[in-house]
Participant: 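Below are the structure tokens for one structure; questions will follow.
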Amino acid sequence: MDVRLRASRTCSRICQDRSSDMSVLRKVFSEPLVQFLCLGVVVFGLYSVMHRSPPAEDKGVIEVGEGQLAQMFETFSKTWQRPPTEAELKGLIDGYVKEEVFYREGQKIGLDQNDTVFRRRMQQKMEFLLEPSAEQLTPKPGELEDYLKAHEDKYRRPPQLAFRQVFFKSDRPGDGGETAATAALKVLRGAPEADVTSLGDTTLLPIRVDLTDADVIATSFDEGFVKELSSAPAGQWFGPVRSQYGVHLVLVEESVKAGAPSLDGVKAAVRLDWESERRREIAERRYDEMKRQYEVRVLRPTDTVAPAVEISEAR
């Protein structure tokens, strides 16, 4: 009986002690500071697990991976129209390793710093990476029309002429060559389609000129000759018209005046120019975005007087 009583009392004390401990724990964990600390421990633990840093690169290792080997193999095959032999592939690998060794050792002693050739090569690579995508260089509906309208003078169609001519040697007005040309004109006006190969003097100038830009014709004859032809009646012989070589009887077969171009006629040229301008605009914008991350300072010697230098925007 005594044993049972003592056991009952012991159990009662243990339960009371546990109840007291639980009460203390509840009181401790009800404190806001303790709750904040516990939450911080949980968050820190989760962050450590989910954001483990990748292992640091071993700078003492030069790795020639599958991708690099495939690139070597493909480049050699395209250049020599055959795959490399085992010895040639080993030579390519040795060359790559040698290049990498020299590059890393050069970096260690700062050879990549203040090197104009290296910096320009790096600039070229960056410009290549910033090259716009095909989607960005595809005009939206109406863009080419707007571009043509804004640059109409650049694509304006020049005046064009198609004609036949008979040449007579003449050094000055009123000489024998001009007199002969005037006499031949009377014959040709009565027979516009007559054979003219037997008329006039021998020349390297073409007897017939198909439809050609007026400025091109001027390079072969001269500006005064083209000006005369521009106001000449079409379909009949007229003259004599003087050029830098002598005088000519001319029959204008077709005359096209200068005019505004249609997009269909100049679409290829407009598309090429639009892409070029679009590429330049995108490159300038991307460069400006990178440049805004830096503060540009121009330091001058204090003992010299020099005009202020304004840092221009990207162009």
Side-chain angles (χ1 to χ4, degrees), residues 39-40 43-65 67-68 70-71 74-75 96 99-155 263 266-315:
L39 181 61
V43 171
F44 180 78
L46 289 174
Y47 182 85
S48 299
V49 172
M50 298 177 65
H51 295 80
R52 289 177 178 174
S53 300
E57 179 184 357
D58 187 351
K59 294 185 178 181
V61 175
I62 297 178
E63 183 176 274
V64 185
Q68 188 65 41
Q71 184 179 0
E74 183 178 1
T75 302
Y96 172 81
E99 176 185 306
E100 187 67 17
V101 168
F102 281 148
Y103 176 73
R104 294 188 186 186
E105 292 300 311
Q107 278 188 315
K108 289 180 182 178
I109 59 177
L111 293 184
D112 58 329
Q113 302 297 320
N114 301 319
D115 187 306
T116 302
V117 175
F118 181 86
R119 289 160 65 91
R120 286 179 181 172
R121 179 61 178 157
M122 190 65 69
Q123 176 185 341
Q124 291 173 354
K125 286 189 173 183
M126 286 299 300
E127 289 174 347
F128 176 78
L129 293 175
L130 296 178
E131 182 72 10
S133 64
E135 182 180 357
Q136 291 174 310
L137 294 179
T138 301
K140 296 180 175 61
E143 281 193 302
L144 291 184
E145 288 82 355
D146 293 342
Y147 185 87
L148 175 59
K149 186 176 181 180
H151 303 83
E152 189 174 276
D153 290 342
K154 181 178 180 180
Y155 305 99
L263 182 60
V266 293
K267 189 171 185 178
V270 171
R271 173 67 183 268
L272 187 64
D273 292 340
W274 178 88
E275 284 185 8
S276 178
E277 185 169 320
R278 176 72 171 158
R279 181 178 282 107
R280 178 181 57 79
E281 290 173 352
I282 293 174
E284 288 180 359
R285 185 173 66 248
R286 291 177 174 175
Y287 169 68
D288 286 339
E289 291 172 356
M290 291 189 296
K291 185 181 176 183
R292 280 195 290 269
Q293 302 177 49
Y294 302 91
E295 178 185 357
V296 179
R297 297 178 181 177
V298 179
L299 305 179
R300 292 190 174 278
T302 56
D303 57 345
T304 61
V305 178
V309 177
E310 181 178 351
I311 304 300
S312 62
E313 294 299 323
R315 284 293 180 268

Participant: Under the side chain to side chain donor-acceptor pair (under 3.5 Å) rule, collect the residues that match up with Arg278, sequence neighbours excluded.
Facilitator: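 Arg278 satisfies side chain to side chain donor-acceptor pair (under 3.5 Å) with no other residue.
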Participant: Going by side chain to side chain donor-acceptor pair (under 3.5 Å), name the residues that satisfy it together with Glu277, two or more places apart in sequence or in a different chain.
Facilitator: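 Side chain to side chain donor-acceptor pair (under 3.5 Å) check on Glu277 returns Tyr147.
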Participant: Checking Gln68 now: which residues fulfil side chain to side chain donor-acceptor pair (under 3.5 Å) with it, not counting sequence neighbours?
Facilitator: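 Applying side chain to side chain donor-acceptor pair (under 3.5 Å) to Gln68 gives none.
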Participant: Between Arg280 and Glu284, is there a salt bridge with N-O shorter than 4.0 Å?
Facilitator: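 Yes.
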Participant: Return the minimal non-hydrogen interatomic distance between Ile62 and Val101, and the atom names on each side.
Facilitator: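 Where Ile62 meets Val101 most closely, the heavy atoms are CD1-CG2, 3.5 Å.
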Participant: Can you list everything that forms a side chain to side chain donor-acceptor pair (under 3.5 Å) with Glu131? Sequence neighbours excluded, please.
Facilitator: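 So Glu131 forms a side chain to side chain donor-acceptor pair (under 3.5 Å) with Arg279.
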Participant: What's the separation between atom CZ in Arg104 and atom CD in Glu99, rounded to the nearest 0.5 Å?
Facilitator: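 Reported to 0.5 Å precision, the distance equals 11.5 Å.
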Participant: Is any side-chain heavy atom of Ile282 less than 4.5 Å from a side-chain heavy atom of Arg286?
Facilitator: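 Result yes, sub-4.5 Å side-chain heavy-atom pair found.
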Participant: Leu144 and Val270: which non-hydrogen atoms are nearest, and at how many Å?
Facilitator: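 Here Leu144 and Val270 meet closest at O-CG1, 3.9 Å.
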Participant: Output side-chain donor-acceptor pairs under 3.5 Å for residues 116-124, partner residues at least two apart or in another chain, one line each.
Facilitator:
| from | atom 1 | to | atom 2 | distance (Å) |
| --- | --- | --- | --- | --- |
| Arg121 | NH1 | Gln124 | OE1 | 3.4 |
| Gln123 | NE2 | Glu127 | OE2 | 3.0 |

Participant: Would you compute the distance between atom CD of Gln293 and atom CG of Asp288 and round it to the nearest 0.5 angstrom?
Facilitator: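 Taking CD in Gln293 and CG in Asp288, the distance rounds to 12.0 Å.
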Participant: Could you give all pairs that pass the salt bridge (charged side-chain N to carboxylate O under 4.0 Å, His left out) test and reach residues 135-150, with sequence neighbours left out?
Facilitator: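 Sorted result for residues 135-150: empty, none.
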Participant: Is Gln136 reaching over with its side chain to a backbone N or O of Ser133, donor-acceptor style, under 3.5 angstrom?
Facilitator: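 Yes, Gln136 side chain to Ser133 backbone: donor-acceptor pair under 3.5 Å.
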